[in-house]
Amino acid sequence: MATLIGLSIKVKLLRSLPQRFKMDVHITPGTHASEHAVNKQLADKERVAAALENAHLLEVVNQCLSARS
């Protein structure tokens, strides 16, 4: 779940900020059992791009980002 939350935050920032901004999304040390693995995935541009090519995962991320009433 932490990876999905991190990916959703990263996608939201990518969509909202201009290209000139550099961003790093990571989990705060000591807050997750596998923080190193999650941070490694979120920092890897190829893994993020591959995740966003997955139609099902992209739909889940879009649902996380959609405004709900």
Side-chain angles (χ1 to χ4, degrees):
M1 203 60 170
T3 307
L4 178 60
I5 294 168
L7 183 62
S8 297
I9 292 169
K10 190 162 189 147
V11 168
K12 180 66 174 179
L13 290 172
L14 284 170
R15 291 177 181 174
S16 301
L17 296 174
Q19 288 279 338
R20 67 179 184 265
F21 289 99
K22 183 182 186 299
M23 67 170 154
D24 292 320
V25 176
H26 63 276
I27 295 177
T28 304
T31 59
H32 195 275
S34 55
E35 70 184 63
H36 179 71
V38 174
N39 286 337
K40 186 176 178 180
Q41 289 179 346
L42 292 173
D44 189 344
K45 291 179 182 179
E46 291 179 6
R47 286 187 187 191
V48 171
L52 296 178
E53 288 177 0
N54 181 324
H56 176 69
L57 188 53
L58 184 58
E59 179 62 30
V60 172
V61 168
N62 286 334
Q63 288 176 1
C64 290
L65 298 176
S66 68
R68 297 178 192 218
S69 51

Thr3 to Leu42 - nearest heavy-atom pair and separation: O-CD2, 4.1 Å
His32 side, atom NE2; His26 side, atom NE2 - distance, nearest 0.5 Å: 14.5 Å
Backbone of Lys40 reached by a side-chain donor or acceptor of Asp44 within 3.5 Å: no
For the student: nearest non-hydrogen atoms of Gln41 and Val48, plus distance: O-CG2, 3.8 Å
Flag side-chain contact, heavy atom, 4.5 Å: Leu14 against Met23: yes
Contact summary for Arg15 and Asn62, nearest pair of heavy atoms: NH2-OD1, 2.8 Å
Backbone of Ile27 reached by a side-chain donor or acceptor of Asn39 within 3.5 Å: yes
Closest non-hydrogen atom pair between Ala51 and Leu7, with its separation: CB-CD2, 4.0 Å
Heavy-atom side-chain contact between Leu4 and Val61 under 4.5 Å: yes
